[in-house]
Amino acid sequence: MPEGHTLHRLAGSLNGAFAGTRPAVSSPQGRFVEGAAWLDGRTFLDAEAWGKHLFAEFSGERYLHVHLGLIGSFDVTAYAPDAAFDGSDDTAYPIPPAVGAVRLRLLTPRHLADLRGATLCRTATPEEVDAVVARLGPDPLRPDADPERAWRRISTSARPIADLLMDQAVLAGVGNVYRAEVLFRHRVDPFRPGRELRRRTFDAIWADLVLLLPIGVQLGQIVTMADQVEDVLAGDYDPALVPTSPTGVSAWRPNPHGALERRYYVYKRDGMPCLTCGSRVRTTVVAGRNLFWCGRCQRRR
DNA sequence: GCAGAATGACAAG
DNA sequence: TTGTCCTTCTGCG
């Protein structure tokens, strides 16, 4: 379920499975037949994420551009184990059939990746890729990201900070969960206009995203609660549940049950007591999505 | 079986 | 602000 961390994790998974190979590209569902043909049999060079956009470069300057939207998924699977390729195993590994509406499938003798439910799946030229990237704000997951660009937009805007954080042209990669959780972590009133935000508050939020998003990439799961963040940073959790090996099969699949218990400060906790002050967590729609916040902890100061 | 929801983003009015 | 699209899964009858 896609905020920026999902796409960056996915880029890593795709690279681990396909970089340097020439996957067969198809559209079992039939809605991406032409695009698939345009990419089929070319060398998969490199996948990269910018915010919630994924770009996979194939030889000949041909790109696959994917946006998962709200409900899309792109599952990378190793259907034949390594043993099948070092001569120690002569078992035939049948190609798993496409289940459901698979818009796009990448296939090698070893791996496959199935794309479903994406809001955007198209082919693109380098110029088209550049144009998309140019529209995006800085992505905290990219080392070259310039937070100053986000601050310029935020500090001059009358729009609520909860609205600005969801605007991918302001800051790329944050979605509805990180928005609610980060605002809570910094006790920021979601309705405070961007231009009334203190610089040091913005800096703290940015730094927090730089801390939290990579954890999301590593675990394939959004983690925001202080105790869990601490555990992850300390490496104090069951590593068996947290696949990190770039060659491990499970590394390319969603965590089976989540490495950590799925819990948040305010996200989806409307009506329940705030974990800090006991006040009822509230919800309302901002920027087209349900915002969750604590009216007491996140009161305007 | 079927409504409703889901970590998103658009266009139309 | 509302409607629309993308698909799967859950919960309720």
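Lettering of chains follows the sequences in order, A, B, ..., and the numbering in each one begins at 1. Keep in mind that this is a model prediction, so the values were computed, not measured.
- Between the P atoms of B:dG1 and C:dC6, the separation comes to 24 Å (whole Å).
- The ring-ring contact (aromatic ring centres under 6.0 Å, His included) analysis of residues 114-170 of chain A, with sequence neighbours excluded, yields the pairs A:W151-A:F202.
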Atom pairs, protein N/O to nucleotides 7-10 of chain C N/O, distance under 3.5 Å:
| unit_1 | atom_1 | unit_2 | atom_2 | d |
| --- | --- | --- | --- | --- |
| C:dT7 | OP1 | A:Q29 | NE2 | 2.2 |
| C:dT7 | OP2 | A:R31 | NH1 | 3.4 |
| C:dT8 | OP1 | A:A101 | N | 3.1 |
| C:dT8 | OP1 | A:R116 | NE | 3.3 |

Considering only nitrogen or oxygen atoms on both sides, find all protein atoms under 3.5 Å from nucleotides 9-13 of chain B and state each distance.
| unit_1 | atom_1 | unit_2 | atom_2 | d |
| --- | --- | --- | --- | --- |
| B:dA9 | OP1 | A:H67 | NE2 | 3.3 |
| B:dA9 | OP2 | A:K52 | NZ | 3.1 |

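- Note: A:F44 and A:F18 have tilted aromatic rings, judged against thresholds of 30 and 60 degrees for the angle between ring planes.
- The interatomic distance linking A:R263 (CZ) with B:dT7 (C1') rounds to 19 Å, in whole Å.
- Cluster partners of A:W293 are A:F191, A:V286, A:L291, counting Ile, Leu, Val, Met, Phe, Trp and Tyr whose side-chain heavy atoms approach within less than 4.5 Å, directly or via other members.
- Spacing between atom CG of A:D270 and atom P of B:dA5 amounts to 12 Å, rounded to whole angstrom units.
- Atom P of nucleotide C:dC6 and atom CZ of A:F74 are separated by 18 Å, given to the nearest angstrom.
- Remark: A:K268 is in phosphate contact with B:dA6, judged by side-chain N or O atoms under 4.0 Å from OP1 or OP2.
- Counting heavy-atom neighbours within 6.0 Å of A:R159 CZ, excluding the residue itself, gives a total above 12.
- Electrostatic pairing of A:R62 and A:E128 does not count as a salt bridge here, judged by no charged N lying under 4.0 Å from a carboxylate O.
- More than 12 heavy-atom neighbours from other residues, nucleotides or ligands sit within 6.0 angstrom of CZ on A:R263.
- Here C:dT1 presents its P atom at 10 Å from CG of A:D163, a figure rounded to the nearest Å.
- We find that CG of A:N176 is positioned 7 Å from C1' of B:dT7, with the value rounded to whole Å.
- Separating the CG atom of A:L213 from the P atom of B:dT7 is a distance of 17 Å, rounded to the nearest angstrom.
- Distance noted for atom P between C:dG3 and B:dG4: 14 Å (whole Å).
- Take A:E181 and apply the side-chain hydrogen bond (donor to acceptor under 3.5 Å, both in side chains) test, not counting sequence neighbours, and it matches A:T224.
- The interatomic distance linking A:L165 (CG) with B:dG8 (C1') rounds to 15 Å, in whole Å.
- Across the P atoms, B:dG13 and C:dC5 are found 14 Å apart, a figure rounded to whole Å.
- Judged as a side-chain contact (heavy atoms from CB on, under 4.5 Å), and not counting sequence neighbours, the contacts of A:P109 are A:F85.
- Residue A:E196 qualifies as enclosed at atom CD: its count of foreign heavy atoms under 6.0 Å is above 12.
- The CG atom of A:L212 sits 18 Å away from the P atom of B:dT7 (whole-angstrom rounding).
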